[in-house]
Student: 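My questions will all concern the structure given below.
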Amino acid sequence: MIYDGSILARDSSVVGNVDMGTPSVLWNVAKKCFTVGVISLTVSDLFASIVPVRGASMSPTFNPKTNSLLDSLSDDRVLVEKLCLSNYKFSHGDVIVFCSPDNHKEKHIKRIVGLPGDWVGTIYDVVHIQEGHCWVEGDNSASSLDSRSFGPVPLGLVKGRVTHILWPPHRVSSVERKTSRNRVSPS
């Protein structure tokens with residue numbers, strides 16, 4: 001069969017339009033994914049984020065059962081609110097996420113026991129919390145690396161306040177403030 005030039009030109013333009021349409025669809029999908037990513041990153045940095053809680057230092061508040069083989073699958077996931085960082089609005093009993101004073105790549109989740117100006121009683125001493133710092137401790141003192149080990153935490157290392165447990169589904173709830181009044185006295 002012999003085709004004339006006009007048919008070939010018409011056929012190649014049809015195929016060309018189909019091929020030209022595919023990159024534009026991919027480009028639109030890529031732009032939308034990028035936009036969603038930028039918005040998600042902004043929300044995560046400024047307002048709130050979801051972080052996993054590993055270990056038993058905050059048990060029973062988080063990870064009440066940490067002795068199974070599937071620990072990483074059953075780790076609690078919590079909502080970290082970051083609006084409190086604008087004026088360092090924290091209260092006794094708040095659970096916070098902060099960078100370790102010893103290794104800024106590590107993040108810890110602990111409960112605030114003392115705020116600036118407070119006197120906190122430890123096993124061996126009474127510690128005065130300076131301006132710009134807070135005293136944090138884990139709910140499970142037997143397995144917690146906290147202010148009893150590294151001292152008061154600078155408020156500049158705080159990354160946010162934990163407000164809710166989001167995972168696993170049967171543990172979804174808000175996080176309660178718990179205070180130990182017999183160990184802290186305001187100045």
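All values below were derived from every heavy atom in this structure, side-chain atoms included, with hydrogens, water molecules and symmetry-related copies excluded.
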Student: Looking only at non-hydrogen atoms, find the nearest pair between P64 and S59 and report the distance.
Tutor: CA-OG, 3.6 Å

Student: With side chain to side chain contact (heavy atoms under 4.5 Å, CB included) as the test, pick out the partner of V80 among V97, I109, I96, V95.
Tutor: V97

Student: Measure from the side-chain N and O atoms of S144 to the backbone N and O of G138, and report whether any donor-acceptor pair falls under 3.5 Å.
Tutor: yes

Student: Quick one: do L79 and V162 satisfy side-chain contact (heavy atoms from CB on, under 4.5 Å)? Show the steps, please.
Tutor: CA-CA 6 Å; L79 180 66; V162 178; over 6 Å; no

Student: Compare every heavy atom of W119 with every heavy atom of H128, then report the nearest pair and how far apart it is.
Tutor: CD2-CE2, 3.2 Å

Student: Of the options K159, R161, K89, which is the one that meets E81 in a salt bridge (Lys or Arg N to Asp or Glu O under 4.0 Å)?
Tutor: R161

Student: Are any non-hydrogen side-chain atoms of H164 and S173 less than 4.5 angstrom apart?
Tutor: no

Student: State whether D75 and R54 are salt-bridged, where the test is any N-O pair (Lys NZ or Arg NE/NH1/NH2 against Asp/Glu carboxylate O) under 4.0 Å.
Tutor: yes

Student: Should R111 and D94 count as an ion pair when the cut-off is N to O under 4.0 Å?
Tutor: no

Student: Show the nearest heavy-atom pair for residues T61 and D76, with the distance to one decimal.
Tutor: O-OD2, 4.1 Å

Student: On a heavy-atom basis, which atom in D146 and which in E137 lie closest, and how many Å separate them?
Tutor: OD2-CA, 3.3 Å

Student: For a 4.5 angstrom cut-off between non-hydrogen side-chain atoms, does C99 reach E106?
Tutor: no

Student: Any heavy-atom pair between the side chains of W135 and V153 that's under 4.5 Å?
Tutor: no

Student: Are Q130 and P116 packed together at the side-chain level, in the sense that at least one heavy-atom pair is separated by less than 4.5 angstrom?
Tutor: no

Student: Do R148 and S141 touch side chain to side chain, with heavy atoms closer than 4.5 Å?
Tutor: yes

Student: Grab the two heavy atoms, one from S147 and one from P152, that are nearest each other, plus how far apart they are.
Tutor: OG-CA, 4.1 Å

Student: Is any side-chain heavy atom of S24 closer than 4.5 Å to one of L26?
Tutor: no

Student: Can you check whether I165 reaches V172 side chain to side chain, under 4.5 Å on heavy atoms?
Tutor: no

Student: Out of L157, V120, L155, which residue meets the side chain to side chain contact (heavy atoms under 4.5 Å, CB included) rule with C134?
Tutor: L155

Student: Test your reading of the model: is there a side-chain donor-acceptor pair from N63 to the backbone of G55, 3.5 Å cut-off?
Tutor: yes

Student: Tell me yes or no: between the side chains of H92 and D118, is some donor less than 3.5 Å from an acceptor?
Tutor: yes

Student: For N103 and K105, indicate whether the former's side chain and the latter's backbone hold a donor-acceptor pair under 3.5 Å.
Tutor: yes

Student: Name the orientation class of the two ring planes belonging to F98 and F150 (parallel below 30°, tilted from 30 to 60°, perpendicular beyond 60°).
Tutor: perpendicular

Student: What I'd like to find out is whether the side chain of I50 reaches to under 4.5 Å of the side chain of W167, using heavy atoms alone.
Tutor: no

Student: So S143 and N140, side-chain hydrogen bond (donor to acceptor under 3.5 Å, both in side chains) or not? Walk me through it.
Tutor: CA-CA 6 Å; S143 71; N140 181 1; 3.3 Å; yes

Student: Any luck finding a side-chain donor-acceptor pair between S100 and K107 under 3.5 Å?
Tutor: no

Student: When you look at L166 and V78, which way does the side-chain contact (heavy atoms from CB on, under 4.5 Å) test go after all the steps?
Tutor: CA-CA 5 Å; L166 301 177; V78 296; over 6 Å; no

